[in-house]
Amino acid sequence: MFRWADLGGGSFGGWIDGSFARVSQEGDRLLFRGVSGEAAHRFFSLETDLPAVTGEFDVDPAIHEALRRYPGLRVIRQDPWECAASFMLSAYNNIPRLTGMLDQLSCRFASPRGGDSLALPSRRLGLNPFPRPEVLAKVSERVLRNCGLGYRAPYLKAMAQAVASTRMDLERLRALEDEGLRRALLTLPGIGEKVVECVMLFAYGRGAAFPVDVWIGRAMRGWYFRRRKVSDKKIREFARKHFGPYCGWAQQYLYCLARQMPC
DNA sequence: GTGGATCCTAAGTT
DNA sequence: AAACTTAGGATCC
């Protein structure tokens, strides 16, 4: 999510299932190189009937405008470990710094394998695969701080240890219903009410998840609550009822709109 | 225009 | 519920 690079010439690169993928668009078709079509389809949720989904929550002027501005926008399905770690690190942080942190981690604790060799990204781009939890679990807190993580360093180490051990099998969590999944993920260190929604939505494909970050919070208060003071939880509950079971997809559209025109 | 000192803030969690 | 690390960006000389 945070680690895709603009390679120029209308082409973008990032890691999908252990392969470095290059994606470009030809007319209304997407072209994938370095990765199986199947994996790419899963990653970009291309099996989802987008008009059917967006039609379900095209219910008011704000979301309507967002749908008009960002046609084709989809929710990705990322690897749960990378997703959980990335969003944990995003807490009380800014995007440029976050990407710098992730780049350092991937350059220092992961090496490129797989993908077609000619298409391997350079280390300078910071585009190695995301480090495995077993690796990060053994890295000292001091070294993690050295990657610029700050106070988040111990969280990442503890999370990596949990995921690398049998304590937290992120793949087995797929079998759980939304509430069970939410409760399980919340036990991970550094994951709270906002990040858990991100992981559910962007890694586990739970369309009913609705992350309320500062941007969505501001925007929703402005657009739907007459700028009243409302808790993030209330906003989430409202969104779930207002937009329905795919409110998480609506969140993506609103998020883009909120960042483009801040309140 | 360029360089550096300083201030401020940040896709929240504990 | 106040505190949390610190890099990157903005502002200002």
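All values below were derived from every heavy atom in this structure, side-chain atoms included, with hydrogens, water molecules and symmetry-related copies excluded. Lettering of chains follows the sequences in order, A, B, ..., and the numbering in each one begins at 1.
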> What's the shortest heavy-atom distance between A:L173 and A:R206, and which atoms?
Replying inline: O-NH2, 4.0 Å

>> Tell me whether the rings of A:F44 and A:F32 are parallel (<30°), tilted (30 to 60°) or perpendicular (>60°).
In response: parallel

>> Just checking A:W4 against A:F43, ring centres under 6.0 Å apart?
In response: yes

>> Please classify the nucleic acid contact of A:R152 as base, sugar-phosphate, or nothing, using heavy-atom distances under 4.0 Å.
In response: base

> Just checking A:G190: base, sugar-phosphate only, or nothing, at a heavy-atom cut-off of under 4.0 Å?
Replying inline: sugar-phosphate

> Between atom CE in A:M220 and atom C1' in B:dA11, what is the gap in whole Å?
Replying inline: 16 Å

> Under a 4.0 Å heavy-atom cut-off, which of residues 74-95 of chain A touch DNA chain C?
Replying inline: A:Y92

>> Quick test of your reading of the model: are A:R240 and A:E237 salt-bridged, counting only N-O distances below 4.0 Å?
In response: no

>> Restricting to side chain to side chain contact (heavy atoms under 4.5 Å, CB included), what partner residues turn up for A:E193, sequence neighbours left out?
In response: A:R182, A:L186, A:R236

> CH2 of A:W215 versus C1' of B:dA11: gap in Å, rounded?
Replying inline: 10 Å

So which protein nitrogen or oxygen atoms get under 3.5 Å of nucleotides 4-7 of chain B's nitrogens or oxygens?
none

> What's the CZ-P distance between A:R97 and B:dG12, to the nearest Å?
Replying inline: 13 Å

> Just checking A:F2: base, sugar-phosphate only, or nothing, at a heavy-atom cut-off of under 4.0 Å?
Replying inline: base

>> Can you confirm whether A:R174 sits close enough to A:L181 that some side-chain heavy atom of one is under 4.5 Å from a side-chain heavy atom of the other?
In response: no

>> If you assign A:Q251 and A:L186 each to the DNA chain B nucleotide with the nearest heavy atom, which residue ends up on the more 5' nucleotide?
In response: A:Q251

>> Run the side chain to side chain contact (heavy atoms under 4.5 Å, CB included) test against A:R145 and tell me which residues pass, sequence neighbours left out.
In response: A:E141, A:A153, A:P154

> What residues, two or more places apart in sequence or in another chain, satisfy ring pair (Phe, Tyr, Trp, His ring centres under 6.0 Å) together with A:F87?
Replying inline: A:F2, A:F202

> B:dG12 P sits how many Å from A:L188 CG, rounded?
Replying inline: 19 Å

> Are A:Q260 and A:Y70 linked by a side-chain donor-acceptor pair shorter than 3.5 Å?
Replying inline: yes

>> Run the ring pair (Phe, Tyr, Trp, His ring centres under 6.0 Å) test against A:H242 and tell me which residues pass, sequence neighbours left out.
In response: A:Y224, A:F238

> Does any donor-acceptor pair link the side chain of A:Y151 with the base of B:dG12 at a separation under 3.5 Å?
Replying inline: yes

> If you measure from the Lys or Arg side-chain nitrogens to the Asp or Glu carboxylate oxygens, is any gap between A:R42 and A:E47 under 4.0 Å?
Replying inline: no

> Got a sec? Which of residues 229-241 of chain A come in under 4.0 Å of DNA chain C, heavy atoms?
Replying inline: none

> Between A:K194 (NZ) and B:dT14 (P), how many Å, whole number?
Replying inline: 13 Å

> Who pairs with A:R167 by side-chain hydrogen bond (donor to acceptor under 3.5 Å, both in side chains), at least two apart in sequence or on another chain?
Replying inline: A:S165

> If you walk 5' to 3' along DNA chain C, what is the first nucleotide with an atom under 4.0 Å of a heavy atom in chain A, and what is the last?
Replying inline: C:dC4 to C:dG9

> Sequence neighbours excluded, which residues qualify as ring pair (Phe, Tyr, Trp, His ring centres under 6.0 Å) partners of A:Y204?
Replying inline: none

> Could A:R221 and A:D232 be called an ion pair, given the rule that one side-chain N must be under 4.0 Å from one carboxylate O?
Replying inline: yes

>> Classify A:G192 by what it touches in the nucleic acid, base, sugar-phosphate, or nothing, heavy-atom distance under 4.0 Å.
In response: sugar-phosphate

>> Show me the dot-bracket string of DNA chain C, counting Watson-Crick or G-U pairs under 3.5 Å, with | for pairs to another strand and [ ] for crossing ones.
In response: .|||.||||||||

> How far does the P atom of C:dA10 sit from the matching atom of B:dA11, given to the nearest Å?
Replying inline: 13 Å

> On a whole-Å scale, what distance lies between the P atoms belonging to B:dT14 and C:dA7?
Replying inline: 23 Å

> Base, sugar-phosphate, or nothing: which does A:I191 touch, judged by heavy atoms less than 4.0 Å apart?
Replying inline: sugar-phosphate

> Partners of A:D213 by side-chain hydrogen bond (donor to acceptor under 3.5 Å, both in side chains), sequence neighbours excluded?
Replying inline: none

>> Show the nearest heavy-atom pair for residues A:L105 and A:P131, with the distance to one decimal.
In response: O-CG, 3.3 Å

> Nearest 0.5 Å, what's the SG-CG distance between A:C107 and A:N128?
Replying inline: 5.0 Å

> Between atom CG in A:L102 and atom C1' in B:dA11, what is the gap in whole Å?
Replying inline: 12 Å

